[in-house]
Amino acid sequence: MKIEYIDNNLQDIKADLELIVVVDKNLEHKSCIEYKDILNNAAFNAEQDEVILLPESRKIFVGSESLKSKDIRPAVATAIRVASSKKYKSIKLATYLSHQKCTATVRALAEAINLGVYNYTRYKTKDRELNLKKVIISSQEHNGKDVDKAAIKRAITKGIETSVAVNLTRDIVNTPPDDFYPKIMARVAKDIASTENLECNILNRSDIKNEKMGALLAVARASSHPPRVIHISYKPKNTKTVISIIGKGLTYDSGGLSLKPSDYMVTMKSDKSGGAAVIGIMQAVSRLNLPIEVHGFIGAVENMIGGNAYKPDDVLTAKDGTTIEVRNTDAEGRLVLADMLCYAQEKVNANYIIDLATLTGACVVGLGHYTIGIMGNNEKIIDKMLYAGNIASNEMAAKLPFNKYLKKSLNSKIADICNISNTRYGGAITAGLFLDKFIKKENKQKWLHLDIAGPAFVEHEWGENPYGSSGAGVRIVTRFIEKLADTKHEE
Ligand code: BES
Ligand code: ZN
Ligand code: ZN
């Protein structure tokens with residue numbers, strides 16, 4: 001599906017359908033006044049994301065609370081989703097700006113088109129082809145505002161690159177576990193690296209043994225699919241800022257011997273969402289040509305049961321020598337990440353270290369399905385990430401505060417730390433505090449943990465997101481990196 005920007009008035013552009021965003025609930029805007037009676041009769045109230053298709057007039061209207069990106073992105077995505085489920089081959093729409101000189105809305109528009117049209121059809125035997133081939137954005141602004149065409153074009157390109165990366169992540173996450181195991185994760189990473197001209201290094205089981213990653217190896221042991229450690233790097237010239245992103249890539253999480261109940265096991269193919277987001281982010285930063293050195297690390301592992309499975313009561317030794325008492329094999333993500341964080345810190349001296357993981361059900365309980373939990377020791381970078389999420393990219397995020405009392409709940413009688421806490425409460429935070437144990441003293445202030453368990457995979461459509469994987473983490477982290485590129489690195 002192509003998105004084109006055409007320097008022409010809307011009426012001079014040919015398309016099967018015209019998409020109109022309606023902010024004025026009285027339907028008096030010039031773009032819809034002509035249809036006011038029909039829309040009223042059809043009880044169209046222009047509520048946020050409310051869609052009405054008028055086939056005879058070849059128009060599709062969608063309500064939006066405002067022209068801000070946070071409203072226009074889900075509205076346009078929803079309208080595109082409806083239109084693309086019909087036989088229309090092309091759609092046109094105007095340029096929308098919330099105010100002069102601000103191209104955020106246009107970027108959101110371009111993102112919305114690709115995000116809305118996404119549908120995971122790989123395993124459908126019928127109707128796999130997308131009818132919609134082209135969406136055309138006219139240079140005519142919806143409210144007649146003057147536009148800086150070059151700036152708009154750049155914003156559209158950014159929106160396209162970002163959303164293509166989100167859709168890549170969605171495809172990875174949605175792929176069933178029998179067709180997507182650690183070796184495949186490594187292959188996909190290699191493929192992306194070669195098309196994007198990135199470096200890529202893969203460790204197999206014996207390389208991982210040499211690295212002494214005892215925690216990751218224990219989680220991987222009972223699977224017939226051996227683990228992989230993936231390191232992809234993007235190294236533009238003349239950069240001072242370096243960032244490492246580490247993703248939890250559990251291609252399946254059965255829970256291990258602390259087996260998940262069947263209802264909780266379905267959807268656990270999505271436990272690779274952090275790793276999949278890392279691949280998407282690497283593609284996005286490279287296509288956006290960001291002047292920041294970015295290192296992506298993925299611990300790709302399958303958590304299974306078997307005669308050689310790791311057990312509750314085992315004591316593991318992580319890469320940095322820390323001993324871990326296992327009390328629940330379903331708290332495996334933190335074990336994999338512990339070794340991955342050690343590896344990333346040894347390999348790269350980064351200014352920022354960010355991990356992404358579908359780490360805890362507790363985060364979903366606390367924040368609900370749609371919000372990322374952000375944790376860390378540095379309020380300033382937490383705030384930067386909250387801005388990148390809630391304001392810049394409109395991926396919702398909230399801070400979960402660390403505290404010294406919860407830290408004690410991970411104490412072990414026989415090892416350095418336990419892999420679960422001794423309290424039922426605050427599970428997202430105690431998981432974050434477990435990871436903190438593996439962050440070197442000199443890096444404590446540089447690190448952020450993003451728990452994406454809520455938004456990564458949802459079994460219904462929401463806003464710009466389809467059923468299944470949302471590609472959570474790609475937009476927020478890409479925006480965070482973009483912002484670093486704009487503002488000089490501060491120590
Ligand atoms: N992958 C799960 C967390 C998860 C749950 C992600 C729901 C997405 C949706 C993780 O490995 C896990 O099982 N965590 C346990 C930790 C517990 C044993 C301390 C959990 O959250 O129940
Ligand atoms: Zn688990
Ligand atoms: Zn897991």
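Numbering of ligands and ligand atoms starts at 1, following listing order. Note that the structure is a prediction, hence the values are computed from the model and not measured.
If you check which protein heavy atom lies closest to atom 15 (C) of ligand 1, you get D330 O, 4.0 Å. Ranking the protein heavy atoms by distance from atom 21 (O) of ligand 1 puts G361 N, 2.7 Å first. In this structure, the protein non-hydrogen atom closest to atom 1 (N) of ligand 1 is D271 OD1, 2.8 Å. Here the heavy atom of the protein found nearest to atom 2 (C) of ligand 1 is D253 OD2, 3.6 Å.
A side-chain donor-acceptor contact under 3.5 Å links N174 and Y118. No hydrogens or angles considered: a donor-acceptor pair under 3.5 Å links the side chains of D355 and W447.
A 6.0 Å sphere centred on CG of D313 holds no more than 12 heavy atoms belonging to other residues, nucleotides or ligands. Sparse packing is recorded around NZ of K212, with 12 or fewer heavy atoms of other residues, nucleotides or ligands lying under 6.0 Å away. Around the NZ atom of K2, the shell of radius 6.0 Å holds no more than 12 heavy atoms that belong to other residues, nucleotides or ligands.
Using a 4.0 Å cut-off to heavy atoms of T360, the atoms of ligand 1 that qualify are 3 (C), 21 (O). Near R334, the atoms of ligand 1 lying under 4.0 angstrom from a non-hydrogen atom of the residue are 16 (C), 19 (C). Applying the 4.0 Å criterion to heavy atoms of I420 picks out, from ligand 1, the atoms 19 (C). Close approach of ligand 1 to M268 (heavy-atom distance below 4.0 Å) involves ligand atoms 1 (N), 4 (C), 5 (C), 6 (C), 7 (C), 8 (C), 9 (C). Near N328, with a cut-off below 4.0 Å to any heavy atom, the atoms of ligand 1 are 18 (C). For ligand 1, the atoms sitting less than 4.0 Å from at least one non-hydrogen atom of E332 are 11 (O), numbered in the order shown with element in parentheses.
With 2.8 Å as the limit, K248 counts as an N, O or S neighbour of the Zn ion (ligand 3). At a cut-off of 2.8 Å, D330 is not counted among the residues with an N, O or S atom near the Zn ion (ligand 3).
In this structure, R170 fails the cation-pi test against Y120, since its NZ or CZ atom is not both closer than 6.0 Å to the six-membered ring centre and inside 45 degrees of the ring normal. A cation-pi geometry, defined here as NZ or CZ lying under 6.0 Å from the six-membered ring centre and within 45° of its normal, does not hold between K407 and F402.
Nearest N, O or S atom of D271 to the Zn ion (ligand 3): atom OD2.
Side-chain contact between L198 and C200: absent, with no pair of heavy atoms (C-beta onward) separated by less than 4.5 Å.
To the nearest 0.5 Å, atom NZ of residue K70 and atom OG1 of residue T105 are 10.5 Å apart.
Counting heavy atoms under 4.0 Å from ligand 1, residue K248 touches it through the side chain alone. Contacts of R424 with ligand 1, taken as heavy-atom pairs under 4.0 Å, are absent altogether.
A donor-acceptor distance shorter than 3.5 angstrom exists from the side chain of N419 to the backbone of N328, with no hydrogens or angles considered.
Note: angle at the Zn ion (ligand 2), from OD2 of D253 to OE1 of E332, is 100° (rounded to 10 degrees).
Closer than 4.0 Å to atom 13 (O) of ligand 1 lies at least one heavy atom of the protein.
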Listing, residues 279-289 side-chain donor-acceptor contacts under 3.5 Å, not counting sequence neighbours, or none:
{"unit_1": "S286", "atom_1": "OG", "unit_2": "E196", "atom_2": "OE1", "d": "3.1"}
{"unit_1": "R287", "atom_1": "NE", "unit_2": "E196", "atom_2": "OE2", "d": "2.9"}
{"unit_1": "R287", "atom_1": "NH2", "unit_2": "E196", "atom_2": "OE2", "d": "3.0"}

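Proximity annotation for atom 10 (C) of ligand 1: of V336, V219, L359, L359 comes nearest, heavy atoms only.
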